[in-house]
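What you see below is based on every heavy atom in this structure, not just the backbone, and it leaves out hydrogens, waters and symmetry mates.
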Amino acid sequence: MISRRDSLKWMMAASASGLLADAAFAQVPANLGATGASLAQVSPWPVVKLPPITGLGYGTDPDTMNPTAPWPLTLTSAHRRLINALGDWLLPADDVSRGAGECDIAAFFDEWISAPYPDQQKDRPQLLSLLLWLDAQSRLTGGTDFVSLLRADQQHLIEAVLAYGNVPKAAGDAFGWFRVMTIFGYYSMPDNLAAAGMAPENPIIGDYPGPSDEAMAHLNALLTSLQLEPYA
Amino acid sequence: MAQTAVVDIDVIIVGSGAGGAMSAYVLTRAGIRCLMLEAGRDYDPGQEVNMFGADQDAPLRGTGTPDKPFGYYDATIDGGWEVPGEPYTKATGQDFKWWRSRMLGGRTNHWARHVPRFGPYDFKGFSRDGQGVDWPIDYDTVAPFYDRVEQLVGVCGGPLGLENHPDSPPEVLHKAPKPRVPELLIAAAAKSLGIPCVGTHTAVLTRDMPDDAAPRSACYNATDCGRGCNIGAAFQTTTSLLPMAKATGRLKVVTDAMVSRVVLSNDRKAEGVEYVDRKTGQRHIVRARAVILAASACETARLLLNSKTAAHPNGLANGSGQVGRNLTDTTGAHIEAVIPGLAGRPYYNEFGINFAHMYIPWWLYKAQQAGQLDFPRGYHFEIGGRFGTPGMGQEIWSLPRMYGDDLKRAVRNVKGTTLHLSLRGEMVRNDGCYAEIDPTVTDRFGIPVLKFHWQWTQAEYNQIAHGQRTARAIFSRLGGSVTQPDEPPETAIKAGGEIIHEAGVARMGVDPHTSVTDQWHRTWEVPNLRLHDGSVFASNPHKNLTLTIMALAMRSSEHLAAELKTGGLA
Ligand SMILES: Cc1cc2nc3c(=O)[nH]c(=O)nc-3n(C[C@H](O)[C@H](O)[C@H](O)COP(=O)(O)OP(=O)(O)OC[C@H]3O[C@@H](n4cnc5c(N)ncnc54)[C@H](O)[C@@H]3O)c2cc1C
Ligand code: SF4
């Protein structure tokens with residue numbers, strides 16, 4: 001089993017080594033830095049000092065039939081508005097599914113960074129710094145906080161931070177983490193699986209049917225392109 | 001002051017996991033009255049397994065935390081790498097991890113249920129390569145018990161036809177589930193490299209198993225077996241052996257009963273055990289004609305070491321000095337890759353029976369015997385990766401930094417493109433790996449705890465390095481990018497204990513000077529005390545050990561039943 005920490009460690013190492021070339025997903029339009037967005041003036045990365053979260057976790061024998069997170073939430077409504085606005089930029093509504101902000105992705109972040117566990121507590125200053133920085137940066141360039149910016153300015157800021165375009169490296173890193181967390185929080189809502197072309201599994205009575213004909217056709221085409229013989 | 005409970009019983013069984021429950025099943029069916037003492041709380045999967053609970057409903061989307069390391073819904077209660085109030089210690093600078101739970105059924109409630117048989121070579125490793133020791137029994141001795149255990153617990157899988165990987169007789173196994181795309185892909189790459197890939201044997205039902213006391217249904221291919229399985233498809237003792245044994249009317253189970261030591265009536269006879277009621281702290285002594293320890297390997301060693309008397313100054317049944325020694329685990333490493341060619345593949349139910357439908361068994365016996373490899377024993381790869389909820393996997397981390405509709409499209413495209421190979425290898429016992437009683441630390445019941453010592457040898461590192469090269473070759477053949485750094489084997493190897501296959505700390509043998517039990521699991525010095533878990537393993541093949549724990553527990557229990565019936569322990 002791979003821990004979240006391993007996953008992060010590898011991701012950092014892999015992106016540093018250029019191992020994960022965009023070409024690995026050639027079918028996907030790669031827009032890393034494609035916008036070339038960059039900031040003219042930059043607000044410094046804030047250092048936040050937070051009182052530690054001391055509440056209790058759910059314990060070693062929680063009622064799994066009635067799951068609840070017992071810890072108090074800690075984000076302000078302004079924080080949550082900002083997170084939902086970012087969520088809708090990252091994963092907007094379309095014909096198939098709602099936007100991440102519409103789904104209140106902020107509730108997921110609030111539960112996450114308010115949890116009294118070490119991994120989550122490491123993420124907390126990162127999120128709060130990112131939110132502070134985005135608002136400070138918005139005020140610097142647009143005279144108002146992020147949610148009140150013109151859409152075009154919001155878009156420019158998001159593109160710049162995604163492209164590491166003259167932003168503090170910490171902001172680019174934190175936003176990368178925020179994006180992955182948004183994906184995780186969003187697709188783990190069963191209603192949103194459709195956005196990934198999936199559905200919650202239904203029980204199959206009888207023999208497991210194995211891959212569909214289309215799935216086998218895709219596999220066979222891949223094997224041919226790799227000059228591999230089918231296994232059986 | 002311990003209270004003495006008077007109960008009409010023949011055999012006390014400590015622990016309700018794989019070894020303990022199999023013992024209870026066999027003995028009660030043979031007419032023997034059993035008392036099972038289980039440290040954990042009572043647990044009924046029918047009431048407590050939230051099979052369809054959405055991750056969205058669980059705190060932190062079900063992610064693992066120190067309270068529940070394998071996730072919120074995982075069927076581990078009051079346990080994981082730590083059990084509250086029940087510590088263990090490690091030698092300075094050394095690492096060992098000990099996974100425990102405190103619930104009826106023990107770790108069978110959430111194990112991965114991969115159940116290969118050991119093969120003929122595995123029982124005679126020393127005779128083949130001069131390392132470790134041989135078992136006092138051979139494959140042919142155990143084979144009939146494998147047949148019966150596979151039928152009883154329900155194992156699906158297909159024929160193997162491979163060296164040292166015995167097949168089951170026809171009709172024993174349930175039908176194998178069809179392989180899925182990631183497995184077929186890895187199998188094709190492996191084949192091109194001359195590496196076999198075959199159907200896994202898994203303790204999951206693919207047909208119904210009716211039974212009055214424990215009816216079990218075929219797997220319905222949709223829910224995470226690590227949570228447990230309330231239809232009984234995934235084998236766990238709480239939905240099978242335990243209710244079946246209880247139905248005989250001859251099994252009494254006491255939960256929250258933490259056994260602290262074995263009590264003797266004379267130097268060569270166990271009279272019973274002392275246990276602490278975990279809720280009240282009250283100590284009790286219970287008596288029987290025979291005692292079975294099946295508390296899991298290390299806990300069984302701990303009980304022996306904590307049961308010392310004037311006649312057994314180094315711990316009970318430890319005249320050989322081997323109790324706690326020869327600690328082994330399976331070696332482990334994890335190699336993961338994103339396969340671009342899988343992008344955009346059509347979605348279908350790829351859940352199957354959840355666990356790997358195929359795996360890569362060890363294939364280089366001949367090279368090993370010809371001295372061409374720099375490590376003595378083999379490994380296998382468990383294949384992982386399938387469509388799952390897009391989350392924090394490598395394929396998501398490695399997406400270009402896009403947003404909006406592009407990002408949604410990309411997520412749709414890359415789902416199910418990360419595959420992994422988990423190496424599981426055999427280590428040979430070495431003098432640096434053992435457990436002893438910590439002289440200063442006790443648990444919350446005042447019972448002295450174990451202190452672990454762990455040192456890998458160069459052989460394990462060489463084995464891991466071989467596995468890393470092999471896995472990379474397979475992924476490279478598929479045009480994949482391995483996502484983790486090219487780590488040296490010394491850091492890529494998992495910690496001792498981390499694969500949760502601990503064994504060997506009270507090994508069986510033919511000589512009381514070098515072993516703790518005879519081939520019937522009877523401790524040499526106290527013959528009415530038997531050990532029914534991985535503690536007795538003379539070696540720990542890379543083939544996951546629980547099927548063998550159960551087969552041997554069945555064999556020893558039948559022997560004990562015969563002994564009791566003929567008055568052998570009077
Ligand atoms: C995540 C995971 C995956 C696994 N996957 C596989 C796999 O695929 N294949 C495989 O073969 N094995 C696997 N295993 C290992 C498998 O679970 C164990 O080998 C098996 O459960 C051992 O059975 P046991 O009866 O010896 O011990 P356990 O199942 O641990 O049961 C021992 C019981 O004894 C109780 N106990 C302990 N101390 C005391 C005491 N002092 N007094 C009273 N009771 C006590 C415990 O509470 C426990 O209930 C896995 C384990 C884990 C955790
Ligand atoms: S996948 Fe099958 S065996 Fe596993 S929990 Fe679901 S029904 Fe049970």
Across all chains, not counting sequence neighbours, the ring-ring contact (aromatic ring centres under 6.0 Å, His included) partners of H357(B) are Y208(A)

Ionic contact status for R41(B) with D61(A), cut-off 4.0 Å: yes

Heavy-atom donor-acceptor pair, R401(B) side chain to L162(A) backbone, under 3.5 Å: yes

V411(B), D55(B), V83(B): which one forms the most heavy-atom pairs within less than 4.5 Å of chain A? V411(B)

Go through the side-chain N and O atoms of T65(B) and Y58(A) and say whether any donor and acceptor fall under 3.5 Å apart. yes

How about E183(B) and Y231(A): does a side-chain donor come under 3.5 Å of a side-chain acceptor? no

So, the side chain of S188(A) versus the backbone of T389(B): is there a donor-acceptor pair under 3.5 Å, distance only? no

One option among A218(B), P66(B), S192(B), P177(B) has the most heavy-atom pairs under 4.5 Å with chain A, and it is P66(B)

Pairs of heavy atoms under 4.5 Å with chain A: top-ranked of C219(B), A54(B), G388(B), G480(B): G388(B)

D486(B): salt bridge (Lys or Arg N to Asp or Glu O under 4.0 Å) partners, not counting sequence neighbours: R472(B)

Is there a donor-acceptor contact under 3.5 Å linking the side chains of T60(A) and D78(B)? yes

So, the part of L342(B) with a heavy atom under 4.5 Å from chain A: the answer is both

Regarding N202(A) and Y220(B), do their side chains bring together a donor and an acceptor under 3.5 Å, going by distance alone? no

